[in-house]
Amino acid sequence: MREAAVIVPVITIEGEPYLILTRRSRKLKSHPGQISFPGGIRDNGEELWETALREMEEEIGVDRDSVLFVHCLEMTETLMSRIEVHPFLALLSRRVFRLNKEEVEELIFVELSLFQRTKEEVIRLPSRAFHS
């Protein structure tokens with residue numbers, strides 16, 4: 001199974017914390033147009049945190065000096081691609097982005113307080129839907 005690492009970036013805008021998401025380019029072969037966190041597949045011998053930083057720099061141009069590690073989040077596995085995704089919560093100190101348009105179409109900023117105002121909804125999918 002392959003490993004990937006992503007950064008769950010939070011930035012403060014006008015005193016409010018925002019989560020940053022990306023919309024992947026629709027030109028990509030893997031997961032085109034999907035909403036995601038900046039990140040990607042681990043290179044051989046690379047630490048997962050380094051993978052996440054490298055990929056974020058490549059995708060959205062965030063300078064690693066402006067990234068403050070906060071916490072390792074729980075690993076999850078993608079259903080279709082069978083990839084272990086290791087997320088890292090981080091704070092960004094600068095609001096400077098340079099999108100790599102080959103990989104990322106746009107940035108999406110979501111105010112964290114939205115999650116407090118949104119009611120949880122449970123969606124159950126049939127297990128056979130993901131078996132080949």
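When reading the values below, keep in mind they use all heavy atoms of this one structure, side chains included, and skip hydrogens, waters and symmetry mates.
Remark: Thr51 OG1 to Asp43 CG distance equals 6.5 Å, nearest 0.5 Å. To the nearest 0.5 Å, the span separating CD on Glu57 from CZ on Arg98 amounts to 8.5 Å. The line from CD of Glu103 to CD of Glu55 is 6.5 Å long, rounded to the nearest 0.5 Å. Here the CE atom belonging to Met56 is positioned 9.0 Å from the CG atom belonging to Asp63, to the nearest 0.5 angstrom.
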Would you tabulate the side-chain donor-acceptor contacts of residues 115-123 under 3.5 Å, counting partners in other chains and residues two or more places apart, or write 'none'?
unit_1 : atom_1 : unit_2 : atom_2 : d
Arg117 : NH1    : Ser113 : OG     : 2.8
Thr118 : OG1    : Leu114 : O      : 2.7

Name each donor-acceptor pair under 3.5 Å that joins a side chain in residues 1-12 to protein atoms two or more places apart or in another chain, with its distance.
unit_1 : atom_1 : unit_2 : atom_2 : d
Glu3   : OE1    : Arg42  : NH1    : 2.3
Glu3   : OE2    : His86  : NE2    : 3.4

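Legend: side-chain hydrogen bond (donor to acceptor under 3.5 Å, both in side chains) pairs involving residues 70-80, not counting sequence neighbours, sorted by first then second residue: Glu77-Arg82.
Here the options are Asn100, Val104, Leu99, the test is side chain to side chain contact (heavy atoms under 4.5 Å, CB included), and the partner is Glu102; only Asn100 passes.
The two atoms that bring Ile13 and Phe109 nearest to each other are CD1-CD2, 3.9 Å, heavy atoms only.
Both Ile35 and Val110 belong to a single network of hydrophobic side chains, linked directly or stepwise wherever heavy atoms of I, L, V, M, F, W or Y lie under 4.5 Å apart. In the hydrophobic clustering of this structure, Ile83 groups with Leu73; members are Ile, Leu, Val, Met, Phe, Trp, Tyr whose side-chain heavy atoms approach within less than 4.5 Å, directly or through other members. Put simply, Leu19 and Val85 are part of the same group of oily side chains (I, L, V, M, F, W, Y) that touch within less than 4.5 Å, one to the next. Placement of Leu112 and Leu21 within a single hydrophobic cluster is found when ILVMFWY residues are connected by side-chain heavy-atom separations under 4.5 Å, directly or transitively. Residues Phe37 and Leu48 do not share a hydrophobic cluster, clusters being chains of Ile/Leu/Val/Met/Phe/Trp/Tyr side chains in contact below 4.5 Å.
A salt bridge does not link Arg54 to Glu50: none of the charged nitrogens lies less than 4.0 Å from a carboxylate oxygen.
A donor-acceptor pair shorter than 3.5 Å can be found between the side chains of Ser36 and Thr22.
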List the steps and the verdict of side-chain contact (heavy atoms from CB on, under 4.5 Å) for Phe88 and Val67.
CA-CA 11 Å; Phe88 297 92; Val67 180; over 6 Å; no
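Enclosure of atom CD in Glu47 is not indicated, since only 12 or fewer non-hydrogen atoms of other residues, nucleotides or ligands lie within 6.0 angstrom.
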